[in-house]
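Worksheet: the structure to be examined is printed underneath.
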Amino acid sequence: MEAAQRKRLEETTRYDPTEVEGRIFSEWMDGGYFHPQAEGTAAENFSVAIPPPNVTGVLHMGHALNGSMQDALVRMNRMRGKNTLWVLGTDHAGIATQAVVEKELKKEGKSRHDLGREAFVEKVWEWKAEYGSRIVEQYKRLGASCDYDRERFTLDEGYVRAVYRVFKQLFDKGYIYRDNYMVNWDPGSHSAISDLEVENREVEDVLYSIDYPVEDSDRVLTVATVRPETMLADTAVAVNPGDERYADLVGKHVVLPLVGRRIPVIADEHVDVEFGTGALKITPGHDPNDFEIGRKHKLEEIGVIGPDGRMTEEAGEFAGLTAAEAQVAVVEALRGEGRLSAEEPYVHSVPFSHRSGERIEPLISLQWFCRMDELARPAIEVVERDEVNITPPQWKRVYLDWMREIRPWCVSRQLWWGHRIPVWYCDACNETIVAESEPQRCDACGGELRQEEDVLDTWFSSALWPFATLGWPDDTPELRAFYPTSFLTTAREILFLWVARMIMTGLEFAGDIPFRDVYVHSVIQARDGRRMSKSLGTGIDPLEEIDVHGADALRFGLLAMSSTQDVRFSDAKVEQGRDLANKLWNASRLILLNTAEVEPAPRPTCVEDRWILSRLEGTIASVTDKLETYDFAHAVQEAYSFFWRDLCDWYLEIVKPRLYDGEEEVSATLLYALERVLGLLHPTMPFVSEEIWSYHPARQGHLAVHSFPVADLALIDEAAEADVEGGIRLTQRLRAWRDLAGVAVGATLPAVIDGVEPPAFVSRLSRFEFDGVGAEPVASIGPVRVLDSDQLDGAAVAERLEKRRQELRAEVERGERKLGNEGFVAKAPAEVVEEERGKLERYRAELEELA
RNA sequence: GGGCGCGUAGCUCAGUGGGAGAGCGCUCGCUUCACACGCGAGAGGUCGCUGGUUCGAAACCAGCCGUGCCCACCA
């Protein structure tokens, strides 16, 4: 080691991530390690497509967790020498991004309409250029080993070609069509949204009962509704065909109050006899159920609420009011006419826009849809056959259940930011042209064309992510080398929205599954158990955590707290990671500053050496297995426990004298163990491991591309493990005895061994002299007979002895009770019974000695 | 309405048929020549409740209570 390096090691007693991380990351980038050549086949390579974050965003805890998991597996496979690609990119996130820019405009008192479409979209691109790359920089802070030179954007030039190709092919197959249909209208974003972007919330409304007079009769038909303003668009009243109360009215008409329109009484199975009066007003224009019933009975579809949320001309005297205002006015008018027979509070679930948070207004409008059933079929099969493996397994069924009930997808959005739908209309001859690139003139009449105004749902483009990012529709080297990707880690909330659609499009267009494994990770909640969200103010900023504790600490913490169930964010786990980084640094200082100049190699000379090597290799095997099966929490905690407990607390303490002596064998073994520990931890804690590696004598190049340790099972030694662990337990018992017997910390006590000689370290670490002479034994701890000396407090020793006797009596009693149970002896496995017998014997013997 | 989870030490969570675990916090003792982001020793739990299966249950089954999420067109 150079003198300067040695000096730095000697002087730096605390690991400082802020000083290290930026420097190390630059070294990785300069090395080009994250930018693989597009060579080989997907079967032999390793690749991942990052779930593309929104350009609007900043890194949140979900990204940090997901990034930590992906990076762990990506780095592990890169170290294994695989040609490894982690594709990075961002999503244009239609509604979200447009909303942010509109909000900016609003500050200047302008709306997007003031700018016009072209200028507005230009503005969004400017915004994207300025802020869109923030999240990429933040992934670097996390240490994510993405290919930053292959960054993609769902709206970049090549991506548009992929989207248009897909749209055209789906259209040609007859899957994509345009129709007037009931959609979820989001008054907030002024666009239709898909079913998956709707969330239901419990709301307290008023349930109004309205009397509809029956034509040519004194009777009234009373209907119940929470939206009285929609009665203006009623085109029927429905009753259940089996409902005798109304059987005679079916086929007759009622007169709609306020409006005066005659509407038929129809019979439909959908109507619940039990609910309210059993009569249901039918408003095909403003209610999804009524829409279905209306289509079935060929009812007129009237729209009284427009896309702007205001009452239309159809609403007559109420035209121009907002729906909420109209509700008040309609109720007032009905009351005036004596048609309101009841009002009662009513709690029910109501759809809201996931994006804008506004209450969904169901409307009929002309939209583009995509039939999903044919696309779903093969996507169901690959999951059924486990060609795409979903972990944890309960999500497989959730996926399959949803896919089997899949409905058409409304893919058009009334936005300006996004993939403008590749459809052109000719007003001259009414021709509709779908094309991958803009046609000049109408094929049929040569007339002028105008492009469809709507854009595609953001998820339409994200659905193509795994192959579009690799250059599809061109047959690129990247596509051949890295598709299908190896795995996908994701939050469950986008299982349908994104994962399912990638599987469908992957099979349809890229001819193969997009990934072999889907790992659905847990959700990290706020410290108080609420959802982390910006609007609730419950978010925890990963970058702040990185600033304070370091990226390795955050990564370790997130992986350690992740599990199959949702967990609350734990500062303690991040601090545990920070402490681990510091411990790694300091243990490495001890090793690197004191070892002799030797080749790192396992060179055991005693049982402790064989023990630590056995534990090391066992840990490598187990941690590797856990990482490969997405059991990140146990993987990092097991690595932690091996390193801290076994290596630092015990082995380093045991070998210190040999180390300070400059013994070559132990130096070689320690350097070997350190090299392997650094390699094992690098995927989860890349910065600190890389930094320490720079001081390691075996270093040739960066740890990021050094070999990942493969467990050497020849070094597993169960006998050595048993011996040393026995010695450790004995040491702990001796220390505990000293403590309770009131012995001074630094004092060495005389004792003799009666029985099997424990490993040599026990004497030194417990501060007992095992060849003591003279005095009487006063206590018996395993094979150790403690001899009396003036360092002992007689009363404390007696008390300690009595306590042990009580413990032993309890143990003996327990064993006797268990073995006295005939059922146990007869039915329990022989080895379990034997074990109990052995224990009982030992406890009895010890009690005998102490008596 | 249907489905999936969860309820274990003060806190956050592991453990899923043979003697209750981790991290943090707490108590006591240590400025021991890698680390006080440290070292050593401790205290702390009728494993939500009630029944059942079993020689044996925190774990398996049933019911109940509490709690979270997803899906669903009862006005």
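Chain identifiers are assigned alphabetically (A, B, ...) following the order of the sequence lines, protein sequences preceding nucleic acid strands; residue numbering begins at 1 within each chain.
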ask   = Below 6.0 angstrom between ring centroids: does that apply to Y399(A) and F496(A)?
value = no
Whole-angstrom distance between A59(B) and U16(B), as gauged at atom C1' = 4 Å
Inter-nucleotide C1' distance (G17(B), U12(B)), Å rounded = 27 Å
query = Any sub-3.5 Å donor-acceptor pair from T595(A)'s side-chain atoms to S667(A)'s backbone N or O?
reply = no
task = Compute whether any side-chain donor of one residue and acceptor of the other, for D16(A) and T18(A), lie under 3.5 angstrom apart.
result = yes
task = Describe the nucleic acid contact of K281(A) in one word from base, sugar-phosphate, nothing, applying a heavy-atom distance below 4.0 Å.
result = nothing
message = Tell me if a side-chain donor or acceptor on R339(A) pairs with a main-chain N or O of L256(A) at a distance below 3.5 Å.
response = no
task = Determine the interatomic distance between C1' on A43(B) and the same-named atom on G25(B); round to the nearest Å.
result = 13 Å
task = Describe the nucleic acid contact of S563(A) in one word from base, sugar-phosphate, nothing, applying a heavy-atom distance below 4.0 Å.
result = sugar-phosphate
key: Any donor-acceptor N/O pair under 3.5 Å between C73(B) base and H270(A) side chain   = yes
inquiry  = Check this for me: does the side-chain of K839(A) come within 3.5 Å of the base of G19(B) through a donor and an acceptor?
reply    = yes
Same-atom distance (P) from G56(B) to A22(B), integer angstrom = 29 Å
key: Side chain of V745(A) - closest among G29(B), C35(B), A75(B)   = G29(B)
query = OP1 or OP2 of A14(B) sitting under 4.0 Å from any side-chain N/O of Q565(A)?
reply = yes
request  = Determine the contact category for E822(A): base if any of its heavy atoms lies under 4.0 Å from a base atom, sugar-phosphate if only primed atoms, P, OP1 or OP2 are that close, otherwise nothing.
outcome  = nothing
request  = Would you indicate what R817(A) reaches in the nucleic acid, counting non-hydrogen atoms under 4.0 angstrom: base, sugar-phosphate, or nothing?
outcome  = nothing
task = May I ask you to evaluate whether T283(A) reaches the phosphate of A75(B), defined as a side-chain N or O under 4.0 Å from OP1 or OP2?
result = no
query = Under 4.0 angstrom, heavy atoms only, what part of the nucleic acid is Y843(A) near: base, sugar-phosphate, or nothing?
reply = base
task = Scan Y346(A) against the nucleic acid and name what it touches under 4.0 Å (heavy atoms): base, sugar-phosphate only, or nothing.
result = sugar-phosphate
remark   = In Watson-Crick or G-U wobble terms, with both distances under 3.5 Å, the base opposite C26(B) is G42(B)
remark   = 5' to 3', nucleotides 36-48 of chain B under a 4.0 Å protein heavy-atom cut-off (B base, S sugar-phosphate only, - none) gives -BSSSSS------
Donor-acceptor under 3.5 Å (E846(A) side chain, L808(A) main chain) = no
request  = Please state the P separation for the pair U50(B) and G18(B) - nearest whole angstrom.
outcome  = 23 Å
query = If the C1' atom of G42(B) is compared with that of U46(B), how far apart are they to the nearest Å?
reply = 23 Å
ask   = Where the side chain of R397(A) is concerned, which of G3(B), G19(B), A75(B) is the nearest nucleotide?
value = G3(B)
ask   = What integer number of Å spans the C1' atoms of C30(B) and U8(B)?
value = 33 Å
message = Base, sugar-phosphate or nothing for V398(A)? Non-hydrogen atoms, less than 4.0 Å.
response = nothing
message = So D272(A), base contact, sugar-phosphate only, or nothing? Heavy-atom distance under 4.0 Å.
response = base
